[in-house]
Structure formats: C-alpha cells, structure tokens
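Counting convention: from 1, in listed order, for ligands and their atoms alike. Predicted, not measured: the structure shown is a model, and the values here were computed from it. Here, residue 1 is the first one in the sequence, and each next residue gets the next number.
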Amino acid sequence: MNVHVENGKIVKVTGMKEHPLNRGRLCPKGSISPDYVYSTDRITHPMVKENGKWKRVEWDDALDIFVENLKEIREIDPRSFATIIGMPILLGGSSTVGFIRRFMDVYGSPNCFSPESMCYRHEIIGYILTLGKFPVADPENSNCIVVWAHNPHASKPPLAWMIERARKRGAKLIAIDPRKTKVAEMADIHARIKPGSDTYLAVGLMKVIIEEKLYDSKFVSGYCHGFEKLRDFVSNYTLNEISEKTWVDEHTITEIARTFAKTKPACIVQGVNALDQVPTGIQNARSIAILHALTGNVDVKGGFVRASRVHSKNLRLQNLLPDVPLGIERHPFFYQVWETHLGEGQGMYLYDAILNGDPYEIRTLFIAGSNPVLTWPESEKTVEMLKNVDFLAVMDIFMTETAKHADLFLPATTFLERLELVDYYSVIFGIPYMMLRKKTIEPVGESKSDVEFWLEVARKMRYSEHFPWNNVEEVIDWVLEPTGYSVHDLTEKYPSGVWTGEVRYGEYMQRGFRTPSGKVELYSDSLAEMGYDPLPAPKDPVLELYGQEISKDYPLILTTGSRNVYFTHSQLRNVEKMKKMLSEPYVEIHPKTAERYGVNDGDYVIVSTEYGSIKIKAKVTDGIVQDVINIPHGWAEANVNALTPRKPADPISGCPLLKAVPARISRA
Ligand SMILES: Nc1nc2c(c(=O)[nH]1)N[C@H]1C(S)=C(S)[C@@H](COP(=O)(O)OP(=O)(O)OC[C@H]3O[C@@H](n4cnc5c(=O)[nH]c(N)nc54)[C@H](O)[C@@H]3O)O[C@H]1N2
Ligand SMILES: Nc1nc2c(c(=O)[nH]1)N[C@H]1C(S)=C(S)[C@@H](COP(=O)(O)OP(=O)(O)OC[C@H]3O[C@@H](n4cnc5c(=O)[nH]c(N)nc54)[C@H](O)[C@@H]3O)O[C@H]1N2
Ligand SMILES: [Mo]
C-alpha cells in the first residue's frame with residue numbers, strides 16, 4: 001500500500017495499483033493503519049515488573065536484564081531458552097524470522113515455536129509428502145474452483161477477488177464449509193459438511209473419480225505411486241457411510257466429484273488452518289494433493305502450481321544445534337520432510353516442559369508478535385505455563401493478555417516503522433514477486449523493530465562472528481545478495497517490487513517429483529515406515545479422541561476461529577473504528593439447535609467443553625449447519641480458547657483439535 005507521510009507523520013494509506021496482488025484495493029484493516037500506529041494504548045518504552053508493578057527502564061538496562069538471564073540459562077542448558085514468535089513476525093519474511101532463529105542457532109537452543117504448531121505447516125507437510133513440493137491453487141486461471149474450508153472474503157481478500165474474477169468469466173465454484181460463507185453463497189454447489197469429517201468427503205470424491213474412471217489415466221500411470229493401493233482402499237468405503245459421516249448427501253458428493261474431475265483445469269483452494277486442526281490434518285492436505293493428481297491438475301495453469309522462489313540467502317545455522325526442538329521426537333515430520341527443513345518445534349509440547357520439566361525444563365520464554373493467552377488452546381493451561389516459567393519477556397506493541405504476565409516488556413514498532421523483505425508471495429499466492437516493506441516513519445516513542453532488538457542482543461552476547469551487521473539494511477543486503485538486488489535498488493529503483501521468476505507450469509516433466517519414488521505418492525512409504533497411515537485414512541475426531549460417550553454430556557460440535565475482516569486474531573480490538581464494526585463476540589447457532597435449548601437471538605449463553613466455560617452472546621442463524629456452533633477467537637471478553645484442548649490431535653504433526661470440539665450450551 002501507499003503510505004502518505006507529512007512532517008514525519010502518517011496521514012493516510014491508499015491502495016497501490018501496480019501491486020500484482022491487491023491491485024490497488026485495501027481491506028478495512030489496511031485503511032485504518034494510522035489509527036493503529038498512533039493508538040494511545042501503545043506502550044512505547046521498555047518496562048520491568050518489580051513486586052508485581054511495572055517500572056519504566058532505559059533500553060540499555062532492559063537489554064542487560066535480558067542478556068544476563070540468557071547467559072545464566074546458557075550455563076545450565078541452552079535448550080531451556082525458548083521463543084514463540086507470532087504472525088506479525090512470520091509475515092516479516094525470511095529476513096526477520098531467519099534472523100531471530102539464527103540467534104537461537106548460535107545460542108544453542110532448538111526451541112523455536114510459532115502458531116504454525118496449529119496453522120498452515122500441516123498443509124505444507126502434507127503436500128510435500130505427496131508431491132515433493134508445496135504448490136498453490138491457481139483460481140485466477142481455473143474453470144472449476146473448489147474452496148475447501150476457506151473464507152477468503154474475511155481472511156484473504158485478494159484471493160476472494162481472484163475467485164470473483166474467475167466466477168465472472170464462468171468458472172464453476174464449489175464450497176465445502178459448515179457455514180454459509182460469501183463464497184458458499186456464490187457457489188454452484190455448497191456442501192455443508194460436518195466439521196472434522198473432511199477426509200471422509202475426500203475419500204468419497206476419490207472413490208467416485210476412480211470408480212467412474214474420471215481420472216487422468218495417463219498422468220496416473222506415468223507419474224503416480226500406489227494407485228492400485230489407493231483404489232482398493234477407497235473401495236472399502238460406501239457413499240452411504242461417507243454421507244453419514246459428513247452430513248453431505250450422496251448426490252452432492254457425486255456431483256462434486258464429477259464436476260471437479262470433468263472440468264479442466266480445476267483446482268482446490270485449501271483454507272489456511274481449518275483442515276489442519278483435526279486428527280487428520282496431514283491426511284487432509286494429502287487428500288487435496290491426491291485429488292489434484294488423480295485429475296491431472298498438477299503443474300497445470302489453472303490447477304495446482306508452484307512459482308519459482310526468491311533465491312535469497314538463508315540466515316539459519318541449524319547445523320550448530322545440539323538437539324531437535326520439543327515435540328520432534330514424537331512428530332519428526334513436523335521438523336523435517338526429506339531434505340526440507342521446517343525449523344521449529346511443536347508448541348503443544350512446551351506445556352509439559354514448562355509445567356512438569358518433561359523432557360527437560362524451559363526456564364526462560366521470549367514471546368514476540370504473539371498473544372498465546374488468546375490464540376493458543378486451553379488458555380487456563382497457557383496462563384499457568386506463563387506464570388510457571390522463571391523469566392518471561394514479551395515484545396509487543398500493546399499490553400496484551402499475554403504481556404500482562406511478563407517480567408520484561410519490550411516495545412516493538414509496527415510494520416510501518418521498520419524495513420522488511422516481503423519474499424513469500426510466490427509461496428503463499430504463486431506470484432513470483434518480491435518487495436521491500438519500507439520504513440515509512442521513525443519508530444514511535446522508544447519502540448524498536450524486532451530485528452534491531454536482536455541485533456543489540458547479539459552485540460551484547462558478543463556474537464559478532466555470526467552477526468557481523470551494523471543495521472537492518474546490512475542484514476537485508478546480505479540476504480538479497482544472490483538475487484542481484486540490494487536494499488538501495490528495492491527502495492529507489494523498484495519501490496513497488498520486482499518479479500523474481502515465473503510460474504512453473506509443466507515443472508514435473510523437466511524434473512519429476514522430488515519424493516523417494518520420484519512420483520506423486522498416493523501411497524506414502526515414508527508414512528508407512530514411521531507407523532502412520534500410508535493412505536488418507538479418515539477418522540471421526542470425536543470418536544478418535546473422546547469416544548462415543550462424550551456426546552451424552554457434550555452433544556454439539558464446536559468449531560472455532562472463523563475470521564472476520566475487521567480483526568486479525570486478537571488484534572485491533574483497541575481501534576475504535578474496528579470495534580464499531582463489531583463490538584462483541586458471538587456464538588453462531590442454527591435456529592433448530594437454538595430452539596432445542598430455548599435460546600433466542602441476542603441472548604447470553606454459557607458454552608462449555610471438558611476444558612472450560614465462557615459466557616457469550618448467541619447469534620441465531622441458518623448460516624451454520626445444525627448441531628454445530630461456531631465461535632471466533634481473539635476476544636478477551638469471551639476467550640474461545642478456554643474451551644479448546646492443547647493435546648496433540650494429529651499423530652503426524654501434533655496439531656491440536658480446534659475445529660471439532662465436543663461442546664454444550666445452556667442459558668446464562
Ligand atoms: N481478517 C483476518 N484475516 C486473516 C486472519 C485474521 O485473523 N483476520 N488470520 C490469518 C491466518 S493466520 C489464517 S490461518 C487464515 C485463516 O483463514 P481461513 O482459512 O479462511 O480460516 P477460517 O476463517 O478459520 O475458516 C475458514 C472456513 O472454514 C470453515 N470450517 C470450520 N471448520 C471446518 C471443517 O471442519 N471443515 C470444513 N470444510 N470447513 C470448516 C469455517 O466455517 C470457515 O468459513 O486467515 C488469515 N487471514
Ligand atoms: N481457537 C482457535 N484459536 C486459534 C485459531 C483458530 O482458528 N481457533 N487460529 C490459530 C491461527 S491459524 C493462528 S496463525 C494463531 C495466531 O496467533 P498469534 O500470532 O498469537 O496472533 P495475534 O493475536 O495476531 O498476535 C499478534 C501479536 O503481535 C503484536 N504485534 C503486531 N506487530 C508486531 C511486531 O511487529 N512486532 C512484535 N513484537 N509484535 C507485534 C500484536 O499486538 C499482537 O499482540 O491463532 C491461532 N489460534
Ligand atoms: Mo494462521
């Protein structure tokens with residue numbers, strides 16, 4: 001976006017027409033950036049907690065406190081220092097994430113965590129295990145788009161606009177969602193699926209495609225491994241059983257399968273987290289990759305494609321590490337799939353380490369750009385964990401529910417007050433593009449950018465060998481070196497970004513698939529060797545994790561987190577303009593379900609699970625399927641994560657269950 005600055009102050013932001021992704025449009029969150037940057041709630045100086053009270057300190061003292069603690073811990077066991085970084089930092093691109101993690105590599109702690117423990121990572125792993133790479137759907141050029149567990153009008157507007165453009169030129173559209181999203185309203189077919197049953201539906205689609213011989217036999221025989229095994233496997237399921245499990249009728253299953261297989265090219269746009277947060281998260285992603293492969297839509301324009309990556313230098317020094325992170329012995333693919341290193345631990349294992357010293361103690365925790373009290377599951381335990389750690393440092397812009405528990409508060413700049421390399425458009429959107437996010441104003445108050453903070457910590461730790469840089473520009477120039485561009489180029493010559501490669505249509509014909517078999521792994525020997533299901537075996541999350549009895553006490557299914565265009569997770573509630581748009585959280589309930597419990601629209605209800613209860617306003621709507629309730633996350637006044645379990649649910653990735661939790665409601 002274009003940021004208009006007058007006398008060192010941001011006065012407004014507008015869309016940037018030349019940007020290939022948003023093409024000049026902004027979502028409401030972009031437009032209100034000045035309110036966010038200049039919010040009077042911002043904490044703009046470092047603070048330490050003394051006898052339960054915050055005390056303002058100078059940066060140098062704050063840095064000394066932190067560094068002394070790190071030195072002490074390193075003597076005991078460097079692994080006892082852990083970091084959690086959240087979305088704003090992950091979206092800072094490789095020069096920000098890699099930088100913080102390089103520090104951990106040099107320090108000697110593998111214990112890096114992020115919300116990827118429950119988001120997106122699972123999709124990446126599933127696609128790599130199946131295709132040896134991580135492609136994305138290409139709706140812009142597609143004639144049949146399946147939007148599966150995704151609500152891009154709320155969560156990824158540029159993608160919603162791509163789908164709208166495709167729809168206008170006549171592309172078919174299919175939505176798979178328990179809720180009536182905008183995409184579902186636009187769609188030819190809307191499968192109102194039971195949450196958590198998606199692997200069943202995928203198997204049903206494979207069954208129809210295989211048994212009706214709608215698959216691309218040339219691609220399957222030439223480039224797929226394990227077709228016969230998959231064919232035999234899907235023949236074990238009847239459409240009747242799949243319909244019972246998914247609440248999608250047989251006719252609709254068949255129609256989706258036929259439409260998807262017969263329309264060329266076709267693609268499936270997988271949501272960013274809903275299919276992850278169930279026991280079959282990896283298998284869901286595998287299923288989506290398999291459906292593209294069966295129908296010959298891999299590496300095809302309008303299908304499932306990959307764009308060339310930005311060839312920048314990697315800041316990580318993982319070979320210096322003494323050990324793998326927490327959770328990885330149990331879930332090795334979460335850390336590494338063949339030659340692809342994913343570089344962090346499974347955060348659900350932090351709880352036992354901090355609370356029980358299992359398998360060893362975590363003594364110091366650093367959290368930046370994340371608000372786990374509201375965004376991580378089982379918040380009662382999350383709070384207990386934050387209270388139990390010996391030393392907690394939080395770097396944030398505001399005094400969040402998480403920061404309240406800190407011993408040290410470090411004030412961060414917003415994304416408009418620092419320099420960053422945005423080099424992930426190709427990975428997320430299949431657009432081979434790179435752009436520098438400029439520092440538009442000087443940091444507000446004494447706030448520091450995350451990378452500047454770590455540069456200073458590295459200096460005080462005397463890590464000059466691995467941190468030879470004097471400032472962020474030098475870091476980014478180092479990262480950019482192989483690309484032939486510099487910070488200067490991207491600021492002066494190409495301020496709106498540069499194209500960095502192309503979309504690699506037909507890639508497999510040149511280089512095959514980088515899997516052990518060299519083919520698309522419909523059947524995965526790698527999963528079989530580790531004792532996991534080699535085929536996308538469906539599981540009912542409730543039966544798998546709780547057993548049938550639970551439904552006596554908790555008969556409803558709670559899905560959580562559905563995005564809203566005005567907020568990002570727990571953020572922006574303190575921006576008046578946004579709070580006006582939506583002032584209070586709510587639980588969505590189908591009219592028939594509401595009637596059964598005597599609940600009217602606007603009533604307050606108590607929603608309970610085995611993990612806790614919250615009081616929340618009821619929104620009675622037929623926009624949600626019967627017997628399912630939906631609650632967004634990120635609201636301190638009704639924290640849905642008080643209701644969610646932290647226990648790893650997916651045996652392959654360790655992802656917790658956030659999308660199909662047994663629940664009940666009662667009148668408040
Ligand atoms: N405005 C805004 N945008 C965001 C974010 C934000 O907080 N605010 N967060 C960003 C992040 S980190 C992420 S991960 C993405 C997430 O963005 P999306 O992937 O769009 O995720 P959700 O809105 O959680 O869920 C998408 C849809 O999945 C449906 N769903 C729920 N459970 C199931 C299920 O079991 N099966 C199926 N088939 N569907 C189900 C929900 O009803 C919802 O309509 O959004 C990103 N964009
Ligand atoms: N029940 C349930 N829980 C969920 C989800 C769900 O669907 N259901 N979704 C999950 C998903 S997919 C995700 S990705 C996570 C997201 O989880 P988090 O990443 O923890 O989400 P946010 O609430 O956006 O927290 C970001 C914090 O960073 C601060 N911040 C902003 N910019 C900066 C910066 O530049 N530097 C620093 N240091 N701080 C900054 C903000 O003030 C805010 O406090 O939530 C997860 N939680
Ligand atoms: Mo996410």
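- When heavy-atom distances to ligand 2 are checked against a 4.0 Å cut-off, H633 comes that close only through its side chain, counted from C-beta outward.
- Note on R418 versus E452: no salt bridge recorded, every NZ/NE/NH1/NH2 to OD/OE distance being 4.0 Å or above.
- Ligand-side atoms of ligand 1 in range of W148: 38 (N), range being under 4.0 angstrom from any heavy atom.
- In this structure, K156 satisfies the cation-pi test against F429, with its NZ or CZ atom closer than 6.0 Å to the six-membered ring centre and inside 45 degrees of the ring normal.
- Proximity of T413 to ligand 2, defined as any heavy-atom pair under 4.0 Å, is confined to the backbone N, CA, C and O atoms.
- Numbered from 1 in the order shown, with element, the atoms of ligand 1 that lie under 4.0 Å from a heavy atom of F567 read 1 (N), 2 (C), 6 (C), 7 (O), 8 (N).
- Remark: R573 qualifies as a cation-pi partner of W635 under the 6.0 Å distance and 45° angle criteria applied to the six-membered ring.
- For ligand 2, the polar-atom distance check against M395 finds a nitrogen or oxygen pair separated by under 3.5 Å.
- For ligand 1 and G561, the ligand atoms under 4.0 Å from any heavy atom of the residue are 24 (O).
- Where the criterion is an N or O separation shorter than 3.5 Å, residue side chain and backbone included, N564 meets it with respect to ligand 1.
- The proximity of R563 to ligand 2, defined as any non-hydrogen pair under 4.0 Å, is limited to the side chain.
- At a 4.0 Å heavy-atom cut-off, ligand 2 touches A412 through the side chain alone.
- Scanning the protein heavy atoms around atom 36 (N) of ligand 1, the nearest turns out to be D198 OD2, 2.8 Å.
- Counting protein heavy atoms only, atom 30 (N) of ligand 1 is closest to P178 CD, 3.7 Å.
- Using a 4.0 angstrom heavy-atom cutoff, K194 does not count as in contact with ligand 1.
- For ligand 2 and N273, the ligand atoms under 4.0 Å from any heavy atom of the residue are 7 (O), 12 (S).
- Shortest contact from atom 12 (S) of ligand 1 to any protein heavy atom: H569 NE2, 3.1 Å.
- Heavy-atom separations between G196 and ligand 1 include at least one value shorter than 4.0 Å.
- Under a 4.0 Å criterion applied to the non-hydrogen atoms of T181, ligand 1 contributes the atoms 44 (O).
- Not a single N or O atom of C119, backbone or side chain, sits closer than 3.5 Å to an N or O atom of ligand 2.
- The closest approach between any non-hydrogen atom of Y36 and ligand 2 is below 4.0 Å.
- Scanning the protein heavy atoms around atom 47 (N) of ligand 1, the nearest turns out to be S155 O, 2.7 Å.
- Numbered from 1 in the order shown, with element, the atoms of ligand 1 that lie under 4.0 Å from a heavy atom of I193 read 37 (C), 38 (N).
- Below 4.0 Å from some heavy atom of K659 lie the following atoms of ligand 2, by number and element: 6 (C), 7 (O).
- The residues K647 and E610 are annotated as not salt-bridged, no charged nitrogen and carboxylate oxygen being separated by less than 4.0 angstrom.
- Taking 4.0 Å as the cut-off, E116 does not count as a neighbour of ligand 2 on heavy-atom distance.
- Ion pair K182/D177 not flagged as a salt bridge, since none of the NZ, NE, NH1 or NH2 atoms sits closer than 4.0 Å to an Asp/Glu carboxylate oxygen.
- Using a 4.0 Å cut-off to heavy atoms of V640, the atoms of ligand 2 that qualify are 1 (N).
- Electrostatic pairing of D627 and K194 does not count as a salt bridge here, judged by no charged N lying under 4.0 Å from a carboxylate O.
- Salt-bridge formation is detected for the pair K579/E637: a Lys NZ or Arg NE/NH1/NH2 atom is positioned less than 4.0 Å from an Asp or Glu carboxylate oxygen.
- Where the criterion is an N or O separation shorter than 3.5 Å, residue side chain and backbone included, S197 fails it with respect to ligand 1.
- Among L572, L275, D177, the residue whose heavy atom sits closest to atom 28 (O) of ligand 1 is D177.
- In terms of polar-atom proximity, I176 is counted as a contact of ligand 1, with an N or O under 3.5 Å from an N or O of the ligand.
- Considering backbone and side-chain atoms alike, T560 places an N or O below 3.5 Å from some N or O of ligand 2.
- Geometrically, ligand 2 and T414 share no nitrogen or oxygen pair separated by less than 3.5 Å.
- Residue-level proximity to ligand 2 for T375 is carried by backbone and side chain together, each with a heavy atom below 4.0 angstrom.
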Starting from the C-alpha separation in whole Å, work towards a yes-or-no answer on ring-ring contact (aromatic ring centres under 6.0 Å, His included) for F134 and Y120.
CA-CA 11 Å; F134 180 64; Y120 196 51; 5.7 Å; yes
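- In terms of polar-atom proximity, T644 is not counted as a contact of ligand 2, lacking any N or O under 3.5 Å from an N or O of the ligand.
- Cation-pi geometry between K381 and Y351 is not satisfied (NZ or CZ under 6.0 Å from the ring centre, within 45° of the ring normal).
- In this structure, F366 has its ring center closer than 6.0 angstrom to the ring center of F66.
- Within ligand 1, the atoms closer than 4.0 Å to a non-hydrogen atom of V565 are 1 (N), numbered from 1 in the order shown.
- Proximity of S370 to ligand 2, defined as any heavy-atom pair under 4.0 Å, is shared by backbone and side chain alike.
- By the criterion of a heavy-atom distance under 4.0 Å, neither the backbone nor the side chain of L374 is placed next to ligand 2.
- Annotation: V272 places an N or O atom under 3.5 Å from an N or O atom of ligand 1; distance criterion only.
- When only non-hydrogen protein atoms are considered, atom 32 (N) of ligand 1 lies nearest to T559 OG1, 3.1 Å.
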